[in-house]
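Below, chains carry the letters A, B, ... as their sequence lines are ordered, and counting in each starts from 1.
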Amino acid sequence: MLDRSFIRSNPDSVREGAALKRIEVPLDEFLTVDAELRTLKTELDGKRAESNATGKTIGELMRAGKKDEAASHQDRGKSLREEIQSGEERERELEARLLEIELQIPNMPHESVPIGTSEEDNQVVLEWGERPSFNFPPKPHWEIAESLGIIDFAAGSKVSGSGFIVYRGFGARLQRALFNYMVDFQTQQRGYVEIYPPFVVNRASLLGTGQLPKFEEDLYLMERDDLFLIPTAEVPVTNIHRDEILDSEQLPIKYAAFSACFRREAGAAGKDTRGLLRVHEFDKVELVKFCTPESSYAELETMRGDAEAVLQSLGLCYRTVMLCTAELSFSNAKCYDLEIWAPAIEKHLEISSASNFEAFQARRANIRYRSEQGAKPQFVHTLNASGVALPRLMAVLLETNQQEDGSVKIPEPLRPYVGTDVIPAN
RNA sequence: GGAGAGGUCGCAUAGUGGUCUAGUGCGCCGCACUCGAAAUGCGGUGAGGUCUCACGGCCUCCGUGGGUUCGAAUCCCACCCUCUCCGCCA
């Protein structure tokens, strides 16, 4: 959400910012509704003031035993009451409509974000590692996984449906090793506090981080309880501090959380869906930061570095891309994607996004801080990065470390977690 | 799921229709006393909106949303959350 008075005084910048993200916003309606609402509020405040005074006068007269005189004020009180009530009804309508519009207005892109219209306009800011080469034809990860017997795609479909995975034996072990390794890495080497959040959240939380109201279709909803499966740990972890005022000494707050993530992926069928590339349920370690506005862009860089460090430690080839305006998501001001190179399918796979939301989520979720004691509370900046998503990481690990005999080598830092140097060929 | 209790200004509590523009204690800030501190005393102490150059004024907020009333923290309805006991269950 943007600041209401900012929209009011800079409608052209808002229109332009939204256009850069290729999102249309009913700004003219915002302005008329906002103006009407403010006039109405001023008017109602005056009437309430008069009504309060009338009530007080009646109270005093009653106490003094002047019943008749008190009664003479009651008519005025009653008519004020009626006027206030009908005004409030209108106020509620306008407020609801304004909020509805407001929630549709995207965050503005940061000035450092390249202007563009498609993926082509993203900027590669870093390329790390060398693409592995093989003296045998490398197999795609789904073939490796099936021949090693570590992933059972058919069982996943049978048990739950397409897009759900059963990991078996070393596959399951590798999965568990990866998230343990990554959580340990971020908490022990990078100063994050470990969080284990609920995987189910309420509407208020999803509204706070911006998934609702626009993206309800993408979420799994349990109607009986009006609860949702989380699409990312970002939702529960960011909402930990919803409706709080933090002390500046607490900042920056850095959380690392493992969770399963659930996504309906409605409308995504057919695109990059082979193997582990797009699934409905996957595991992920998520990094979340709360910090001051002054430091958020520096924090974005270090957070991106924290996610990259995991890939570097595993010896993977990747590149970091700064998204152009058109590719930025609704809530984002600036975003880097980390894309790892899958050598067999010869594609870059998006494995992490590191984003600065500035005050956009904080305003929705009402997360504030005081710069010093007695200072007026202001909104924090929130950031998050995947650190990182597991299925694609597993896919690339398998493809990158496959051997001619069909076995797969385990990268050094993972060995203590997996309990083996190599997953043997069958 | 059933029965009961409860959600009040950072914390703890008081308040059951009109001196509640919410009292008191603790905490915190300022001042006084002191060489300094403690103790003590005095004053202050939330959030949001709006008007004003400013001083300051007005409005809203006592879990949330409605309602009754000239007037609601207080009465009514619905919902949410917490605690205790019972039931069920990993």
Side-chain angles (χ1 to χ4, degrees), chain A residues 1-9 30-31 33-103 196-208 212-213 221-228 236 239-251 260 359 362-380:
Chain A
M1 211 151 55
L2 298 175
D3 181 24
R4 223 173 247 190
S5 67
F6 173 81
I7 303 175
R8 193 146 60 218
S9 40
F30 175 92
L31 295 171
V33 174
D34 176 64
E36 186 183 343
L37 181 60
R38 293 192 321 137
T39 312
L40 180 65
K41 274 190 169 170
T42 311
E43 195 185 308
L44 278 175
D45 275 1
K47 283 182 180 159
R48 287 198 192 102
E50 194 187 338
S51 166
N52 288 345
T54 307
K56 202 170 178 178
T57 306
I58 293 170
E60 278 161 12
L61 291 170
M62 295 287 247
R63 245 176 288 118
K66 300 176 184 170
K67 267 201 168 165
D68 293 347
E69 210 177 320
S72 71
H73 289 276
Q74 287 190 354
D75 284 349
R76 179 59 187 155
K78 191 163 195 155
S79 71
L80 277 169
R81 178 66 188 175
E82 279 158 10
E83 287 172 37
I84 290 169
Q85 252 171 350
S86 70
E88 281 175 341
E89 206 172 300
R90 179 67 183 150
E91 188 184 22
R92 276 197 290 275
E93 283 168 24
L94 292 171
E95 190 63 68
R97 181 55 192 148
L98 195 62
L99 184 65
E100 206 177 315
I101 297 172
E102 235 174 356
L103 290 173
Y196 187 91
F199 296 179
V200 167
V201 291
N202 55 31
R203 281 180 187 273
S205 293
L206 288 156
L207 204 65
L212 289 182
L221 164 64
M222 290 163 288
E223 278 188 34
R224 186 191 294 263
D225 300 297
D226 203 32
L227 292 169
F228 295 82
N239 278 282
I240 287 173
H241 295 297
R242 172 150 48 84
D243 292 321
E244 288 185 9
I245 300 176
L246 304 163
D247 290 328
S248 60
E249 305 89 74
Q250 293 175 263
L251 302 177
R363 194 172 284 112
R364 286 175 166 237
N366 194 28
I367 307 170
R368 293 172 292 176
Y369 80 104
R370 252 185 260 276
S371 54
E372 56 190 314
Q373 223 195 354
K376 194 177 150 75
Q378 53 184 315
F379 292 110
V380 299

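Annotation: B/A73 and B/G7 have their C1' atoms spaced 12 Å apart (nearest Å). Between B/U60 and B/C76, the two P atoms lie 23 Å apart (nearest whole Å). Rounded to the nearest Å, the gap between the C1' atom of B/U16 and that of B/U8 is 14 Å. Taking atom C1' in both B/U74 and B/G2, one finds a spacing of 29 Å when rounded to whole Å. Taking the P atom of each, B/G66 and B/C11 are spaced 25 Å apart, rounded to whole Å. Across the P atoms, B/C26 and B/G43 are found 14 Å apart, a figure rounded to whole Å. Distance noted for atom P between B/C31 and B/G48: 26 Å (whole Å). The gap from the P atom of B/G15 to that of B/U34 amounts to 42 Å, rounded to the nearest Å.
The nearest whole Å value for the distance from the CD atom in A/Gln250 to the C1' atom in B/G10 is 13 Å. What separates CG of A/Leu40 from C1' of B/C59 is a distance of 13 Å, to the nearest Å. The distance between atom CZ of A/Arg92 and atom C1' of B/U64, rounded to the nearest whole Å, is 14 Å. Atom P of nucleotide B/C79 and atom CG of A/Asp225 are separated by 15 Å, given to the nearest angstrom. Between the P atom of B/G63 and the CZ atom of A/Arg242 lies a distance of 18 Å, rounded to the nearest Å. To the nearest angstrom, P of B/G66 lies 15 Å from CD1 of A/Ile84. Distance A/Leu44 CG to B/G48 P: 22 Å, rounded to the nearest Å. To the nearest angstrom, C1' of B/G63 lies 15 Å from CG of A/Asn202.
Two residues are said to be in side-chain contact when any heavy atoms from C-beta on lie closer than 4.5 Å; A/Asn239 and A/Val201 fail this criterion. Within the 4.5 Å cutoff, the side chain of A/Phe30 has heavy atoms near those of the A/Leu98 side chain. A/Val33 is not listed as a side-chain neighbour of A/Glu100, based on a closest heavy-atom distance of 4.5 Å or more. Here the side chains of A/Met1 and A/Leu103 are in contact, with some heavy-atom distance below 4.5 Å.
Looking only at distances, a side-chain donor or acceptor of A/Asn202 sits under 3.5 Å from a matching main-chain atom of A/Ser205. Between the side chain of A/Arg368 and the backbone N or O of A/Lys376 there is no donor-acceptor pair closer than 3.5 Å. Between the side chain of A/Ser51 and the backbone N or O of A/Lys47, no donor-acceptor pair lies under 3.5 Å. No donor-acceptor distance shorter than 3.5 angstrom exists from the side chain of A/Arg242 to the backbone of A/Ala365, with no hydrogens or angles considered.
Partner assigned to B/U64 is B/A78, using Watson-Crick or G-U wobble distances below 3.5 angstrom. For B/G18, the paired nucleotide is B/C70, the pair qualifying as Watson-Crick or G-U wobble because both relevant distances are below 3.5 Å. Base pairing annotation: B/C31 forms a Watson-Crick or G-U wobble pair with B/G41, both donor-acceptor distances under 3.5 Å. Nucleotide B/C55 forms no Watson-Crick or G-U wobble pair with any nucleotide shown, as no partner meets the under 3.5 Å limit on both distances. The partner of B/C26, taking Watson-Crick or G-U wobble pairs whose two distances both stay under 3.5 Å, is B/G10. Pair assignment for B/G1 gives B/C86, based on Watson-Crick or G-U wobble hydrogen-bonding distances that are each under 3.5 Å.
Of the candidate nucleotides B/A47, B/U60, B/U69, B/U60 has the atom lying nearest to any side-chain atom of A/Asn52. Side chain of A/Ala49, nearest nucleotide from B/C58, B/G48, B/G67: B/C58.
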Between the protein and nucleotides 50-54 of chain B, list every N/O to N/O distance that falls short of 3.5 Å.
from, atom 1, to, atom 2, distance (Å)
B/U50, OP1, A/Arg8, NH2, 3.4

Nucleotides 73-78 of chain B: which of its N/O atoms have a protein N/O under 3.5 Å away?
none

Might you list the N or O atoms of the protein lying below 3.5 Å from N or O atoms in nucleotides 87-90 of chain B, with each pair's distance?
none

Strictly under 3.5 Å: I want the nitrogen or oxygen pairs between protein and nucleotides 18-20 of chain B, one per line.
from, atom 1, to, atom 2, distance (Å)
B/G18, O2', A/Arg63, NH2, 2.8
B/G18, N2, A/Gly55, O, 2.9

Verdict with supporting geometry, A/Arg4 and A/Leu37, side-chain contact (heavy atoms from CB on, under 4.5 Å): CA-CA 12 Å; A/Arg4 223 173 247 190; A/Leu37 181 60; 4.2 Å; yes

Stepwise side-chain contact (heavy atoms from CB on, under 4.5 Å) test for A/Lys41 and A/Glu95: CA-CA 11 Å; A/Lys41 274 190 169 170; A/Glu95 190 63 68; 3.6 Å; yes

Step-by-step side-chain contact (heavy atoms from CB on, under 4.5 Å) determination, A/Phe228 to A/Arg203: CA-CA 8 Å; A/Phe228 295 82; A/Arg203 281 180 187 273; 3.6 Å; yes

A/Thr42 vs A/Asp45, side chain to side chain donor-acceptor pair (under 3.5 Å): CA-CA, chis, key distance, verdict: CA-CA 5 Å; A/Thr42 311; A/Asp45 275 1; over 6 Å; no

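A/Arg370 comes within 4.0 angstrom of the backbone, heavy atoms only, and of no base. A/Arg368 comes within contact range of the sugar-phosphate backbone alone, with a heavy-atom separation under 4.0 Å but no base atom that close.
Rounded to the nearest 0.5 Å, atoms CD1 (A/Ile84) and CD (A/Glu91) are 10.5 Å apart. Atoms CG and OG1, from A/Asn52 and A/Thr57 in turn, are 10.5 Å apart once rounded to the nearest 0.5 Å. Between the CZ atom of A/Phe379 and the CD1 atom of A/Ile367 there is a distance of 9.5 Å, given to the nearest 0.5 Å.
Taking 4.0 angstrom as the limit, A/Gln85 places none of its side-chain polar atoms (N or O) nearer than this to OP1 or OP2 of B/G66. Put simply, A/Arg48 has no side-chain N or O that comes within less than 4.0 Å of OP1 or OP2 on B/U21.
Applying the salt bridge (Lys or Arg N to Asp or Glu O under 4.0 Å) criterion to A/Glu88, with sequence neighbours excluded, gives A/Arg48. Listed by chain and number, the residues in a salt bridge (Lys or Arg N to Asp or Glu O under 4.0 Å) with A/Arg90 are A/Glu36, A/Glu93 (sequence neighbours excluded).
Between A/Ile245 and A/Ala53, the residue anchored closer to the 5' end of RNA chain B is A/Ile245, taking for each the nucleotide with the nearest heavy atom.
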